[in-house]
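Right, one structure below, let's go through it.
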Amino acid sequence: MTVDIRVIRAGQMYRYYLRETVVGDGRRPARTPLSVAQEQAGVPVGRWMGCGLAVLGLTPGQEVTEQQLRNLFGELGRQPYADRIEADRLAKGDSPKKAFKAGALGRRVTVTGVDFVFRPQPTIYLLWALGDEETRRVIEAAHERAIERVLEWIEDEVAVIRCTARTASTGSGRPAAWSPPASATTRRAPACRCSTTICFCP
């Protein structure tokens, strides 16, 4: 397996992912809801994974929404439920400035995340295509486990947290708010679960 890495910067860059990447490198029709566009493209919805999901109000396997992606990657790095947090603070009497700040994911940054593109070797594609069902299941399981191991290593050895009072250390040695999502899964061969997989990590 090979892994390509690209920095995600705040601003308009995330729109490319929402327009094309999350629908299998196709072209998402304007005003089409993300889940509908993915279903039409034959691409599975993104799912959250990672050791720090709880502090962000997320759970493993939970479906990734467009609003969550927009908050995390498009607005200088905000909580996935920043809109809800801001509304709650306003309802409690906070000023607009203070309410907006409550939805921030640490300090304001220009780099809001990283995307990892996992690609099996061409021979693996061939083996999957020519193999029987048992062979395919083994390849698919190995592919998914390899991705999990890479992300676990990044959590333990590489990730740096943007820390606030809401995203403090867990005390386990792992950063509490590191939440690498399998938020956009690109399968250029939609029927093949071992095809290219993209993980967006805030």
Side-chain angles (χ1 to χ4, degrees), residues 1-28 34 37-38 41-53 56 58 60-66 68-77 80 105 109-129 136 138-162 174-175 177-202:
M1 178 185 292
T2 62
V3 183
D4 295 333
I5 303 174
R6 178 182 297 180
V7 168
I8 303 174
R9 299 188 181 278
Q12 301 298 312
M13 185 175 180
Y14 82 101
R15 295 182 184 277
Y16 164 76
Y17 295 105
L18 287 175
R19 247 191 345 257
E20 300 183 15
T21 304
V22 296
V23 290
D25 285 349
R27 183 70 177 183
R28 179 182 171 188
L34 177 58
Q38 289 176 319
V43 175
V45 298
R47 299 289 177 184
W48 287 101
M49 61 188 297
C51 68
L53 296 180
L56 297 178
L58 302 167
Q62 180 180 343
E63 181 176 333
V64 177
T65 69
E66 183 169 353
Q68 291 167 351
L69 289 178
R70 182 177 291 110
N71 285 338
L72 281 167
F73 300 111
E75 298 186 22
L76 302 181
L105 186 62
V109 294
T110 56
V111 175
T112 56
V114 179
D115 83 67
F116 298 87
V117 182
F118 298 88
R119 293 187 178 90
Q121 298 294 340
T123 51
I124 299 298
Y125 286 120
L126 183 61
L127 181 60
W128 185 93
R136 291 182 177 186
V138 170
I139 292 173
E140 291 166 1
H143 174 75
E144 293 178 2
R145 181 55 182 154
I147 293 172
E148 291 174 0
R149 291 295 301 273
V150 170
L151 294 180
E152 288 170 359
W153 178 81
I154 292 172
E155 289 178 334
D156 289 334
E157 306 294 340
V158 179
V160 175
I161 182 176
R162 298 198 298 276
R174 305 179 95 181
W178 168 247
S179 309
S183 58
T185 305
T186 301
R187 294 178 186 166
R188 291 181 174 84
C192 179
R193 291 177 58 197
C194 69
S195 60
T196 300
T197 302
I198 300 177
C199 295
F200 298 150
C201 302

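In this structure, the side-chain contact (heavy atoms from CB on, under 4.5 Å) partners of V150, at least two apart in sequence or on a different chain, are F118, I154. Checked against side-chain contact (heavy atoms from CB on, under 4.5 Å), T123 has the following partners two or more places apart in sequence or in another chain: Q121. Partners of E66 by salt bridge (charged side-chain N to carboxylate O under 4.0 Å, His left out), not counting sequence neighbours, listed by chain and number: R28, R70. With sequence neighbours excluded, no residue forms a side-chain hydrogen bond (donor to acceptor under 3.5 Å, both in side chains) with R136. In terms of the side-chain contact (heavy atoms from CB on, under 4.5 Å) criterion, residue partners of Q62 (sequence neighbours excluded) are, by chain and number, W48, L58, T59, Q68, Y81. I5 is linked by a side-chain contact (heavy atoms from CB on, under 4.5 Å) to V3, V114, F116, counting only residues two or more places apart in sequence or in another chain.
Two residues are said to be in side-chain contact when any heavy atoms from C-beta on lie closer than 4.5 Å; H143 and P120 meet this criterion.
The pair E144-R149 does not meet the salt-bridge criterion, since no charged nitrogen lies less than 4.0 angstrom from a carboxylate oxygen.
Once rounded to the nearest 0.5 Å, the distance linking CD of E140 with CH2 of W128 reads 6.5 Å. Remark: T2 OG1 to D4 CG distance equals 5.5 Å, nearest 0.5 Å.
Minimum heavy-atom separation, Q38 to G46: NE2-N, 4.2 Å. Taking each heavy atom of P80 and L72 in turn, the nearest pair found is CD-CD2, 4.1 Å.
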Derivation of the side-chain contact (heavy atoms from CB on, under 4.5 Å) call for T65 and L34: CA-CA 8 Å; T65 69; L34 177 58; over 6 Å; no
Derivation and outcome, side-chain contact (heavy atoms from CB on, under 4.5 Å), residues V64 and V45: CA-CA 7 Å; V64 177; V45 298; over 6 Å; no
Residue pair I147, M1: steps toward the side-chain contact (heavy atoms from CB on, under 4.5 Å) verdict: CA-CA 9 Å; I147 293 172; M1 178 185 292; 4.2 Å; yes
